[in-house]
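Note that this is a predicted model, so its numbers are computed, not measured. When reading the values below, keep in mind they use all heavy atoms of this one structure, side chains included, and skip hydrogens, waters and symmetry mates. This chain uses plain numbering: 1 for the first residue, then up along the sequence.
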Amino acid sequence: MYNKDGQYDASFREQKLVADRAKLRADLRAEFVKQYTNPYNHMKGEGGYLFDPAMQRWMSMRAYQYDYFKPTLKTLVYPIIVFGSIGILTYVLTKARNKREKSYRTGEVSYRDRKFKFI
């Protein structure tokens, strides 16, 4: 089966769907550019600003997300896991570093055998 576009991995139905979606995307982009670059919007008092309902919903959601926050077990456990793991890792690394530093300062490890000589 020959395909004029050179796509052999997609059926004609899939190619038509892709072409329709590309046409819709191009039409929406053209409409956006037409509205955004319309110089007469300043006369109406809009000033070149396009109202996007989806963007407004997103910004409203971000502004009011703490008003609608509901504490659950999940919102309690995740911070405990994150901050707990950071605390445990900090404790373990600090303990190992202090032990190594003590052995260096008491002379148990010679300078030649030390790791991280320049730190």
Side-chain angles (χ1 to χ4, degrees):
M1 186 182 316
Y2 175 72
N3 185 345
K4 64 179 178 158
D5 295 329
Q7 284 186 340
Y8 295 99
D9 59 339
S11 67
F12 286 114
R13 181 176 178 275
E14 291 172 346
Q15 290 175 9
K16 183 168 179 2
L17 289 173
V18 168
D20 290 345
R21 183 67 187 155
K23 183 180 181 319
L24 178 65
R25 194 169 46 244
D27 291 345
L28 287 173
R29 183 179 189 285
E31 179 67 24
F32 177 81
V33 169
K34 177 183 163 188
Q35 288 182 10
Y36 190 75
T37 58
N38 184 0
Y40 298 106
N41 281 343
H42 292 285
M43 287 185 218
K44 296 188 286 185
E46 295 178 7
Y49 170 74
L50 286 182
F51 179 76
D52 187 359
M55 184 59 75
Q56 180 62 42
R57 282 193 304 271
W58 183 81
M59 290 186 333
S60 298
M61 181 268 308
R62 295 291 290 177
Y64 289 100
Q65 66 182 348
Y66 298 113
D67 296 341
Y68 296 100
F69 174 74
K70 294 177 183 160
T72 61
L73 184 63
K74 186 175 170 182
T75 59
L76 175 69
V77 171
Y78 281 175
I80 290 173
I81 290 173
V82 169
F83 292 119
S85 61
I86 290 172
I88 290 170
L89 184 64
T90 302
Y91 175 76
V92 168
L93 292 176
T94 304
K95 193 82 165 162
R97 182 178 179 274
N98 288 343
K99 182 181 174 188
R100 188 175 65 237
E101 186 69 25
K102 183 179 178 188
S103 66
Y104 290 166
R105 290 185 185 269
T106 57
E108 295 174 13
V109 180
S110 68
Y111 185 76
R112 179 183 301 164
D113 298 331
R114 291 182 187 180
K115 296 179 187 176
F116 313 115
K117 294 178 185 172
F118 302 111
I119 294 178

Measuring from atom CG of Leu73 to atom OH of Tyr78, what distance do you get when rounded to the nearest 0.5 angstrom? 10.0 Å

Starting at OG of Ser103, measure out to CG of Asn98 and round the result to the nearest 0.5 Å. 11.0 Å

Of all heavy-atom pairs linking Tyr104 and Arg114, the shortest is O-NH2, 3.2 Å

Should Tyr66 and Met61 be counted in the same cluster of Ile, Leu, Val, Met, Phe, Trp and Tyr side chains packed under 4.5 Å apart? no

Under 4.0 Å between a Lys/Arg side-chain N and an Asp/Glu carboxylate O for Arg105 and Glu101? yes

Does the side chain to side chain contact (heavy atoms under 4.5 Å, CB included) test come out yes or no for Leu28 and Arg25, once each step is laid out? CA-CA 5 Å; Leu28 287 173; Arg25 194 169 46 244; 5.9 Å; no

Mind listing the closest non-hydrogen atom pair of Lys70 and Thr75 along with its distance? O-OG1, 4.3 Å

Determine, using the 4.5 Å side-chain heavy-atom cutoff (strictly less than), whether Leu93 and Tyr91 are members of one ILVMFWY cluster. no

How long is the span from the CD atom in Glu108 to the NZ atom in Lys102, to the nearest 0.5 Å? 7.5 Å

Measure across Gln65 and Arg62 and return the closest heavy-atom pair with its distance rounded to 0.1 Å. CG-O, 3.7 Å

OG1 on Thr94 to CG on Leu89, rounded to 0.5 Å: 8.5 Å

Would one find more than 12 heavy atoms of other residues, nucleotides or ligands at under 6.0 Å from atom CZ of Arg97? no

Nearest heavy-atom contact between Thr37 and Val33 is OG1-O, 2.6 Å

